[in-house]
Amino acid sequence: MLIEITELRKSYQTGAITFEALRGVSLSIEAGDYVAIMGHSGSGKSTLLHLVGGLDRPSSGHITLGNLQVSTMNETALARFRRSHIGFVFQFFNLVENLTVRANVELPALLGPHRTRAGARLRATALLEQLDIAAHANKYPREMSGGQQQRVAIARALINEPALLLVDEPTGNLDSTNTQAVLQILADCNARGQTLLMVTHDPRAAAEAKQVLFIHDGRLVSSVPGGDPQALAQRLAALQ
Amino acid sequence: MRAVWTKIKADLTHRPMVSLLILLTIAASATLLTLATATLTNMSAPYDTSFHELNAAHVWLFFDRQVASRGDISRIEALPGITASTGLRPYVLSRVRLGDNAVWVSLRAEPADRPTVNRLLITAGEGLPAGPAAGQHVCVLGKELDDLYAIEIGQAARVTRADGREVALPIVGLAYNPMWDTYRTSQPPYVYVSEATLRELFPDEESWGWSLGLRLADPNAVTSLVAQVEELLGAGAVTGYTDWRDVKRAAAFGAQINFIFLGAFSGFAILATVLVIASSIGSIVLSQFRQIGILKTLGFTRDQILWLYLGQYLLLTAIGVALGLIAGSALAPLPLKSVAASLSTAYRPPLSPLLIATVLGITTGVVAVAVLGAAKRGAETPIVLAITGGAEPVHPRRPARWGTPGGLAMPIVVSLGVQEIFSRPLRSLLTGVNLTLGVMGIAFGLTLANTLDGYRANPALLGIVYDAAATRYRMSDRQAQQLLSRSPGVEAVYSEYQVEAEAMAPPSPGRTFSVRAVEGELDAFPFPITEGRCFDPDRYEAIAGRGLLDWLGLEVGDTLTVTFREGAGPAVGPAVGREVGREAGRPVSWQIVGQYTEPADMGQVMMVSGSLVSRWVKGVEPASYFLKLAPDHDPGALRAHLADRSREDLNVVFVDQTLPDAVRTLQLAIYGLATILIGIALINVFNTSLLSTREKVRVIGILKTVGMTPLQVVAMVNVNAACLGLMAAAIGAPLGFVFTRAVLRWLAHAYGFGPIHVLLDARAALLLVPLMLLVSLAGSALPSLQAARASIVEVIAHE
C-alpha cells in the first residue's frame, strides 16, 4: 500500500464560525494507481490533496505514505518529504517566473543533496525532451503558452522521480488541444509506473483515471472506475 | 467615489504591517526634513537676528577723556541721523584672574535695567541684578571668556582694583554682546559690572574710558557719522570706533564653518528625504500591479485607481508628517541649541507655520508624484499582463545564466538569492537606491565628523599655523618680542599688525580690505599655500586669501596696487575697533605670488612683509604675536613665565583653546545630526528590506511546495538582502564620500573659505560593510521567518 489515509479531518476557524472541510476521510491508494477525486467547489477535494502532499496539516487523522507518517512531520521534514516523494502539478502552473524553463525543472533536484548539478541537468534535459519542450529550455514561463507551461510544471514535478504525483485541476486553465496533450502525458506517466492522485471537476480528465472517488461536504461518498466521462458527469451532477 | 473610499479604508486596515511601514517611512522622512529645515532656519542670518533682537548699536565710539566732555556726549546724541543711544558707558582696562589665568579685560559698566539699545544676550546664568539686589558686587562675563577658559557660573573673577588689590566678584552669568568684535587676538574680552561696582573698584572717574553706542537711521552711515563727530568735537576726541559691519564680518567668519557643514547636512537631508520617499512609495505601489489589474476587471477607471492610491498615501502622509514634525521638533534642540549658541544667536524652535508648510509641502508633493507615477503605470498596463505578471515582468533578454540558478555555480539558495536581484532590475534598482541612500547618509555623517576631527587635530588646515597667540597691552613691542622669543618652549615667534588698504587700480578700485603685516621667523610657520608660493619678506610680494582674489577679480601672478590708511594699525593696549583720523598714503604695488588659507574675513585678507609696510605706514607697531612651541612644551609653565615676566601684561591664548569653541560645538552638533541621519537611514534600510521580502511571499510559497525547507527559505531571503546591502555599501560609501566632498568644496568656495580638506576614516568606511550586512539581515530576518512559517496553501492555493 502506497498511501493509507485514516479518519482525516480538517477544519478552519473564521471568527466564531468553524468550517469543516474534511469530515473523516479514509482511503487507500496502491502504488501505480491513477486515482481521480471529483466534487463540486468547496467539497474538500483540494484540501485532501494539500494534506496528502504535506502542504497543510490535518486537524486529526493519519496519512501514511509508504512507511512515513506525514501528519506528524515537522516543517523541515515535510519539505524534505515533498522534495523526495511528492510531485505537484497545479492549475495555474505555479512556475517561478524569473527562472528559465530549465531552471524551474532543475530546481527541486538542486534543493536536495542527492543529485549533482550535472545529474540534475541530465535528468531535466531528458524530461524536457520527453515532454517535447526541450526547444524552450532557455525561455521564461511568460514566454510560453499555458499548455507548454503545464508541461514544464509536470517535468518539474517528475525531476526527483517522486513516488506520488499530486495533480490539482491540471486542465482547468487549458484549451481542449492542450487539455488532451496534458492528460496524455499524465497517462503516460502512470503507464510508466507513476502513482497519480488528481483532483478535478472535469469528467473528461477524471475519466483518464482508473478509479474515481466522489467527495461531497468533506466526505467520500462513492467510488467508481474511470473511463466514461458521461457517467462521471451524471454522478457529479447527482451530488448537487 | 464611495467604492474608492471603501477600498482605501480596506487597504489601510487589512494590511496593517504595510500601512505601518509606509507610515514609518514618511514619519522618518518628515523628521529628517524637519531637522534639516530647522537647521537652515537657525543658521539663517544669525548675526542679523541677534542684532535685531538685541537692538544693537550700529557704532560704538571711544573717547579721549582729556578732550571729550559729558556735554559733548549730549551733542553727539543730538546729531541728525541718530535714532537711539546707549548713553555714556564707562569702562576700565583691568586685569582679571580667572582660576589660574590672568587676562586683560575691558571692565564695562552695564545698566542693571534692561537697556533699550545694545542689550546683552544672556547665554548662561543671569544678568546683572536689578532692583533691591542691584547693589551687589557681581559680574557677568562675555561668552568669549567662557570659550577660552571654560567658566563656571558661581566661580569668582578676581579683579585688580585701582589700588592694585584683588577683589573677588562672583560670576552670575555669561553674555553675548552683539558689538564685541569676535576677532579676539586684537580685542580684550568684556566683563560687565554695574556702575556702582565700577566706581567701587575704580573710584577715580578720570581713569575711566568713555564709550557710547548709537543706532543710526542709515546703518551704512557709520563712516560719515564718525566724520561728523570729529568735526563736532575736534580731532582726537574720538580715539576709535567699532563699526557693526566689521563685527558682522568677523561673526560671519566665526559662523562660516558652521554654515558649510550644517548647510551640507541640510542639503543632503532634504535630497535624501525626497529620494527615500519617492523610491519607497514608488516601489510599494509598483508591487501592487496585480491588485490594480483585478480592480480594473471590477470596473475601476484609471482615475479611480489614481485616486485610490493617492487617497491612501496622502492619508498616511498627513499622519506621518504630523508624527515627523513632533519627532523632529523634539529632537531638534539636541544639536541645534549648541549651533545657535556657537552662532551667538537665540535658538529658534523649529515649529513655525513656514516650517510646517515646507515639510508638509515637500512630503506631500513627493508622495503625490511618486504615487501618481507608479499608479499611472499600473493603470495603463493591460489587465491580463498586470494580473499575471505583477509589478515587473521578467526581462526576457537577460543572459541565460541569471535565469539559471545552476549557472551561477553557487549553492542553490545562495544562487536563488543572488539571481532574484538581477531578474527584476527595476525593483532591485529601487530597493538598491533606497539602501544606497541610507549608506550615503551614513557616509555623509562619517565624512563630516572625520573632516571636523581632521581640522581639530590639525588647525593648520584652517590657516592657523601657530601654537599660541599673545597680545600685549602696556609693554613695548620690543619688550614683548624679547620676552616671547626667550621664553621656555618657544621655538619661533612672528609678530603681526593689521592695516587697512584700498585697491587703487582696476578691476576693483576703491575696495578696502585688511592687510596682515607680519615679520619674524616666518619660515617656522607653514602657512598653507594652496597655489603659488609664499612671499619673500624682502620683496614687495604678497599672498592672498581666496576670498580677496575673488572679490577683487585677481589671480595669483597679478599685481595689486594699494594705498595704506595712515594710523590704521591697532592701538597698543585695548584695541577698540578702527582708529579714526586716517588718511590715504602713497600707492604701492604688490605682486601676488600665492594663495593661502586665510581664516578671517571670509578670506578677504592679504599678507605681506611687516618691515616693508612700516616704510609706508608710520606709527604702527605689532601688538599681536604668534608662537611656535616645542612639541614637549608645558603650557602651564609658559603661561606662568609670561605672566611673571610681563607683570601679567600679556594675554596668551593657546590654539587648543581658540579652536574648540567653533569646532567643538559644531562637532557636537554634527555628531547629533549625523546620529539622527544615520538612525533614519537605518530605519529606511530596515523598511526596504522588510517590504522587498514581503513581496516575494508567493515565490517562496512555490519554492516551499517543491521542497525548500524553512532554513533554506531563511537563507535565500537573507542572501538576497545581504547582497543588496553589500552592493549598497560598496556603491554608497564612495558615492557618499564623493558627494560630501563635492558639496563641502562647493560651499567652502562659495563662502570664500578656500580649499577644504575632506577626510573619511577608511576603517570607519569599511565598517559600513558589516553594518549594512547586519541592518539588511535585521530587515529581512523577520519577514524571512514569517515567509518560512507561512502557510503554503494560503499563499499558493488562494492566490
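Since the structure is predicted, the reported quantities are computational estimates derived from the model, not experimental observations. Just so we're on the same page: letters track the sequence lines, and every chain starts at 1.
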K.L.:
Can you tell me if A/Glu20 uses its side chain to pair, donor with acceptor, with the backbone of A/Arg9 under 3.5 Å?
P.N.:
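A pair under 3.5 Å: no.
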K.L.:
Would you confirm whether B/Arg789, through its side chain, and B/Ser784, through its main-chain N or O, come within 3.5 Å as a donor-acceptor pair?
P.N.:
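It does not hold such a pair.
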K.L.:
Check the orientation of A/Phe90 and A/Phe88. Use parallel for under 30°, tilted for 30 to 60°, and perpendicular for over 60°.
P.N.:
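The arrangement is parallel - the two ring planes meet at less than 30°.
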K.L.:
Verify, without hydrogens or angle tests, whether A/Gln149 (side chain) and A/Met144 (backbone) share a donor-acceptor contact under 3.5 angstrom.
P.N.:
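Here the side-chain-to-backbone pair exists.
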K.L.:
Which of residues 54-62 of chain A have a heavy atom under 4.5 Å from any heavy atom of chain B?
P.N.:
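Hits under 4.5 Å: A/Leu55, A/Asp56.
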K.L.:
Name the member of A/Gly87, A/Ala120, A/Ala79 that forms the most heavy-atom pairs with chain B at distances under 4.5 Å.
P.N.:
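Counting heavy-atom pairs under 4.5 Å, the top option is A/Ala79.
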K.L.:
Please confirm whether the backbone N or O of A/Leu236 pairs with a side-chain atom of A/His40, one donor and one acceptor, at under 3.5 Å?
P.N.:
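Looks like yes, one N/O pair under 3.5 Å.
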K.L.:
Pick out which of A/Val35, A/Leu65, A/Thr64 makes a side chain to side chain contact (heavy atoms under 4.5 Å, CB included) with A/Ile3.
P.N.:
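Considering A/Val35, A/Leu65, A/Thr64, a side chain to side chain contact (heavy atoms under 4.5 Å, CB included) with A/Ile3 is found only for A/Leu65.
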K.L.:
Relative to chain B, which of A/Leu111, A/Ile159, A/Asp168, A/Ile86 shows the most heavy atom pairs under 4.5 Å?
P.N.:
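Most pairs with chain B among the choices: A/Leu111.
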K.L.:
Side chain, backbone, both or neither: which part of A/Leu95 has a non-hydrogen atom closer than 4.5 Å to chain B?
P.N.:
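Interface part for A/Leu95: backbone (N, CA, C, O).
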K.L.:
Test your reading of the model: is there a side-chain donor-acceptor pair from A/Arg82 to the backbone of A/Gly53, 3.5 Å cut-off?
P.N.:
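No; judged by distance alone, with no hydrogens or angles, the pair does not exist.
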